[in-house]
Protein chains: 2
Amino acid sequence: MNTTDILKSHDIKKTPGRIAIVKALQESELPLSENEIKIQMEEMYDRITFYRNMQVLASAGIVHKIVIDNTIIKYGLSCCGQEHRHQNEHAHFYCEKCHSVVCLKEVRIPDYQLPSGYKLFDSDIIIKGACEKCSH
Amino acid sequence: MNTTDILKSHDIKKTPGRIAIVKALQESELPLSENEIKIQMEEMYDRITFYRNMQVLASAGIVHKIVIDNTIIKYGLSCCGQEHRHQNEHAHFYCEKCHSVVCLKEVRIPDYQLPSGYKLFDSDIIIKGACEKCSH
DNA sequence: ATTGCAAGTGAAACAATGTTGCAAATATAG
DNA sequence: CTATATTTGCAACATTGTTTCACTTGCAAT
């Protein structure tokens, strides 16, 4: 699906900032940080608009925010906007050497047995280590 | 183990700020936020010293930092400082209604099968939902 | 108990991440 | 093309965290 259609199919207005964010993520294999997206957006980038658009894109399920720790944050493109709560959850891998983040779609998240009375809405799994390139 | 001995056994100098932080966590069933600890510390609290002491206590394995998302951060007392990487890892539960955090020591973290070449150092699991009190 | 000094503290300044209010600009439906 | 609801961009603010540096303190050796 192209960038315009992704936005249109979620009833989100097609603005230059939003198109630039989605394009940057589509052209990248890996989730990107705000700064990496900012570089691609060049002079179009505005911090406040960026945060607001990220909220819009995340609520729509088009992107997901990956919080590695409170200072390392990445944004990943979800699969054609089909990523919502309770669906398509996947773990994220953070390489402590090259600081890249990878969506581990193939790592299935097991069913946790929560203590009785607890209700599960969502879960975030961050796996830290060394990626293929960095573990030699 | 009392507060003083915990610090002494890790070769960490016993200062009023550190004692106050560890005491606040010992007296609480649940992990606490900076602000909750600050309230207990009263006029002794100083932001810079707090962050520095948290780093010291975390590297020693006395406390662990729990990042729910980049704006909700809690600090939990580890079991007698025996919590280090690769050991005693446990998931954390965040109640989206009352915003409390619970260490889920009984939820075992399964072995993930990472893609080949990837090395695991550590993992953080945040489970979000409603706690016992809030799910009725 | 005193002293020396490494370690810890606290103030100021800075940095990154994020939010809110408001006036101006714009996307899109009709 | 126009109307209008949405979006943008600026200013200001909030939270979380770090760095530098002068001053103070914990504690071990005497």
Side-chain angles (χ1 to χ4, degrees), chain A residues 3-23 31-39 41-60 62-76 94 99 101 124 126, chain B residues 2-22 31-39 41-60 62-76 94 99 101 124 126:
Chain A
T3 314
T4 296
D5 291 342
I6 288 178
L7 295 176
K8 194 174 283 184
S9 68
H10 285 86
D11 266 318
I12 290 173
K13 281 192 182 167
K14 190 181 82 174
T15 66
R18 291 171 186 176
I19 293 166
I21 290 171
V22 175
K23 273 225 172 90
L32 300 176
S33 66
E34 176 183 351
N35 197 52
E36 288 163 338
I37 296 170
K38 170 184 175 179
I39 289 165
M41 293 177 76
E42 296 174 11
E43 74 292 328
M44 180 197 298
Y45 168 85
D46 171 80
R47 282 184 60 245
I48 292 95
T49 303
F50 176 87
Y51 287 121
R52 275 191 291 225
N53 281 336
M54 272 306 181
Q55 281 185 344
V56 169
L57 296 171
S59 332
I62 297 170
V63 303
H64 55 285
K65 183 175 172 178
I66 307 156
V67 178
I68 299 302
D69 71 33
N70 52 322
T71 61
I72 303 174
I73 291 135
K74 299 266 183 168
Y75 301 92
Y94 173 67
H99 311 291
V101 170
D124 290 335
I126 305 295
Chain B
N2 68 41
T3 314
T4 296
D5 291 342
I6 289 177
L7 295 175
K8 195 176 281 183
S9 69
H10 286 86
D11 266 319
I12 291 173
K13 281 193 182 167
K14 190 181 81 174
T15 67
R18 291 170 185 177
I19 293 166
I21 290 172
V22 175
L32 300 176
S33 66
E34 176 183 352
N35 197 51
E36 289 163 337
I37 296 170
K38 170 184 175 179
I39 289 166
M41 292 177 76
E42 296 173 13
E43 74 291 328
M44 181 197 296
Y45 168 86
D46 171 80
R47 283 185 58 244
I48 294 98
T49 303
F50 176 86
Y51 287 120
R52 275 192 291 224
N53 281 335
M54 273 306 182
Q55 281 186 342
V56 169
L57 295 171
S59 334
I62 297 170
V63 304
H64 55 284
K65 182 174 171 177
I66 307 157
V67 179
I68 299 302
D69 69 33
N70 53 322
T71 61
I72 303 174
I73 290 133
K74 299 266 184 169
Y75 301 92
Y94 173 67
H99 310 292
V101 170
D124 290 335
I126 306 296

Between atom [atom1] in [X] and atom [atom2] in [N], what is the gap in whole Å?
| X | N | atom1 | atom2 | result |
| --- | --- | --- | --- | --- |
| B:Met44 | C:dG8 | CE | P | 17 Å |
| A:His99 | C:dA16 | NE2 | C1' | 16 Å |
| A:Ile72 | D:dT18 | CD1 | C1' | 14 Å |
| A:Ile19 | C:dT26 | CD1 | C1' | 13 Å |
| A:Leu7 | D:dT6 | CG | C1' | 14 Å |
| A:Lys38 | C:dG18 | NZ | C1' | 15 Å |
| A:Asp69 | C:dA16 | CG | P | 15 Å |
| B:Tyr45 | C:dA11 | OH | P | 12 Å |

Subject >> Nearest non-hydrogen partners of A:Pro31 and A:Lys74, listed with the distance >> reply: O-CD, 3.8 Å

Original post:
Going by heavy atoms closer than 4.0 Å, what residues in residues 47-55 of chain B are next to DNA chain D?
Top reply: B:Arg47, B:Ile48, B:Tyr51, B:Arg52, B:Gln55

Subject >> Euclidean distance, B:Asn70 CG relative to A:Ile72 CD1, rounded to 0.5 Å >> reply: 12.0 Å

Subject >> Atom pair CD1 (A:Ile48) and CZ (A:Arg52), whose distance is rounded to the nearest 0.5 Å >> reply: 7.0 Å

Check side-chain hydrogen bond (donor to acceptor under 3.5 Å, both in side chains) between [X] and all other residues, then give those that pass, not counting sequence neighbours.
| X | result |
| --- | --- |
| A:Ser33 | A:Glu36 |
| A:Tyr94 | A:His99 |
| B:Thr71 | B:Asp69 |

Original post:
Taking the nucleotide of DNA chain C with the closest heavy atom to each, which residue, B:Thr71 or B:Val56, is nearer the 5' end?
Top reply: B:Val56

Contacts under 3.5 Å, N or O only, protein and nucleotides 25-29 of chain D:
from   : atom 1 : to      : atom 2 : distance (Å)
D:dC27 : OP1    : B:Lys14 : N      : 2.9

**OP:** Could you say whether B:Val67 or A:Asp46 is positioned toward the 5' end of DNA chain D, judged by the nucleotide with the nearest heavy atom to each?
**Re:** A:Asp46

Original post:
Between B:Lys65 and D:dG17, does any side-chain N or O lie under 4.0 Å from OP1 or OP2?
Top reply: yes

Original post:
Distance check: side-chain N/O of B:Asn70 vs OP1/OP2 of D:dT15, anything under 4.0 Å?
Top reply: no

Subject >> Residue pair B:Lys38 / B:Asn35, side-chain heavy-atom distance below 4.5 Å >> reply: yes

**OP:** Side-chain contact test, heavy atoms from C-beta onward, threshold under 4.5 Å: evaluate it for A:Leu7 versus A:Leu57 and give yes or no.
**Re:** yes

Could you list the donor-acceptor pairs under 3.5 angstrom formed by side chains in residues 11-19 of chain B, with sequence neighbours left out?
from    : atom 1 : to      : atom 2 : distance (Å)
B:Arg18 : NE     : B:Asn53 : OD1    : 2.7
B:Arg18 : NH1    : B:Lys13 : O      : 3.1
B:Arg18 : NH2    : B:Asn53 : OD1    : 3.4

